[in-house]
Amino acid sequence: MTAHLPHVSRFFVAASLTTSVLLTLSGCHNMTSNTTSQVVNPSNPVLSPVMQAVVGDYADDGYADRAQGYDWVGVIVRAAGDKQIDIKVRARSDLKKPTCQFDGKAVLMGQDEAHGIIFQTNANNTQIFFQFKENTLTIDGQESGALSYFCSGGGSLAGKYQKLKAPLELM
């Protein structure tokens, strides 16, 4: 015959069991190693291969001709965790008001050989996709027209951006 515990007693038994399991597991983190210790600079965390591949500055074709007065759009991509990136889209602002601006975070959706690495975010009531492949960032959205919201003069965030070898020069 099985003895039935009152409902409150079952709660305390479950809470007690959970607490002891958590305490036991937390003790597993206090392991010592015989290997040489490495100092990790918290301001420069070690990035996963995915993040190493995507972090950087990107720009559209107009950026190469910026000295001749061409408009351009640049994208600054930084790691915001293991599976999240911080994205800032900026445009030429030295001669006039910038044509495009966007700030957001995107989450890793996945990666494969055919499509590269894809991140996704929601903004302006649509999904925005950031596809990184072979030093090219392609921005597209579920509704491409919604990407014009972040730009003026008929511009759009949608398009292809090449990874720069030097930091983006914001003018």
Side-chain angles (χ1 to χ4, degrees), residues 21-22 24-66 70-93 98-151 155-171:
V21 167
L22 289 174
T24 303
L25 290 176
S26 68
C28 294
H29 294 292
N30 295 329
M31 297 172 27
T32 58
S33 173
N34 293 334
T35 61
T36 306
S37 63
Q38 295 178 348
V39 176
V40 177
N41 183 349
S43 63
N44 259 346
V46 177
L47 299 177
S48 68
V50 168
M51 290 303 184
Q52 289 177 19
V54 303
V55 166
D57 294 353
Y58 299 78
D60 66 5
D61 291 337
Y63 186 75
D65 297 322
R66 66 192 180 281
Y70 285 81
D71 280 339
W72 55 267
V73 176
V75 183
I76 301 166
V77 179
R78 299 294 180 260
D82 287 342
K83 296 184 180 200
Q84 187 173 7
I85 55 175
D86 182 42
I87 299 168
K88 294 183 185 322
V89 176
R90 298 294 184 262
R92 177 181 201 127
S93 63
T99 53
C100 291
Q101 184 169 340
F102 172 82
D103 292 316
K105 293 193 184 301
V107 177
L108 178 65
M109 286 184 61
Q111 74 180 88
D112 62 32
E113 194 71 30
H115 300 101
I117 303 166
I118 300 177
F119 286 80
Q120 180 260 325
T121 191
N122 291 312
N124 195 32
N125 298 319
T126 192
Q127 289 183 336
I128 302 174
F129 302 100
F130 302 89
Q131 178 187 23
F132 298 87
K133 186 174 181 187
E134 299 172 0
N135 291 324
T136 300
L137 163 61
T138 304
I139 300 177
D140 199 3
Q142 191 175 30
E143 296 176 33
S144 293
L147 299 179
S148 296
Y149 172 82
F150 304 100
C151 301
S156 174
L157 294 182
K160 292 189 182 287
Y161 304 84
Q162 296 302 312
K163 193 170 194 176
L164 302 174
K165 294 181 179 164
L168 186 69
E169 293 179 23
L170 298 173
M171 297 177 207

So, taking the atom named [atom1] in [X] and the one named [atom2] in [Y], what distance separates them when rounded to the nearest 0.5 Å?
X	Y	atom1	atom2	result
Leu137	Lys133	CG	NZ	14.0 Å
Ile118	Phe132	CD1	CZ	10.5 Å
Phe130	Asp140	CZ	CG	10.5 Å
Gln120	Gln127	CD	CD	4.5 Å
Gln111	Ile117	CD	CD1	5.0 Å
Ile76	Phe102	CD1	CZ	13.0 Å

* With sequence neighbours excluded, what pairs up with Asp86 under the side chain to side chain donor-acceptor pair (under 3.5 Å) test? -> none
* With sequence neighbours left out, what residues match Gln142 under side chain to side chain donor-acceptor pair (under 3.5 Å)? -> none
* **Set of side chain to side chain contact (heavy atoms under 4.5 Å, CB included) partners for Asp112, sequence neighbours left out** => Ala114, His115
* To do: Please examine the side chains of Val50 and Leu108, heavy atoms only from C-beta on, and report whether any two atoms are closer than 4.5 Å.
  => yes
* To do: Without swapping roles, check the side chain of Thr126 against the backbone of Glu143 for a donor-acceptor pair under 3.5 Å.
  => yes
* Is Gln52 reaching over with its side chain to a backbone N or O of Leu47, donor-acceptor style, under 3.5 angstrom? -> yes
For [X] versus [Y], what's the shortest heavy-atom pair and its separation?
X	Y	answer
Leu168	Ala59	CD1-CB, 4.2 Å
Ile85	Val54	CG2-CG2, 4.1 Å
Asn124	Tyr149	ND2-CB, 3.0 Å
Ile139	Leu157	CB-O, 3.6 Å
Leu147	Ala158	CD1-CB, 3.7 Å
Trp72	Gly62	CB-C, 3.6 Å

* Asked: Can Asp82 and Gln84 be said to form a side chain to side chain donor-acceptor pair (under 3.5 Å), step by step?
  -> CA-CA 6 Å; Asp82 287 342; Gln84 187 173 7; over 6 Å; no
* Asked: Do the charged groups of Arg78 and Asp57 touch, with an N to O distance under 4.0 Å?
  -> yes
* Under 4.0 Å between a Lys/Arg side-chain N and an Asp/Glu carboxylate O for Asp60 and Arg66? -> no
* May I have the step-by-step check of side-chain contact (heavy atoms from CB on, under 4.5 Å) for Tyr58 and Val77, ending in yes or no? => CA-CA 8 Å; Tyr58 299 78; Val77 179; 3.9 Å; yes
* Is the centre of the Tyr63 ring less than 6.0 Å from the centre of the Tyr70 ring? -> no
* Asked: Is it the case that more than 12 heavy atoms not belonging to Asp103 sit under 6.0 Å from its CG atom?
  -> yes
* To do: Applying side-chain contact (heavy atoms from CB on, under 4.5 Å), run through Val73 and Tyr161 and close with a yes or a no.
  => CA-CA 8 Å; Val73 176; Tyr161 304 84; 3.7 Å; yes
* Residue among Lys163, Lys160, Gln131 satisfying side-chain contact (heavy atoms from CB on, under 4.5 Å) with Thr136 -> Lys160
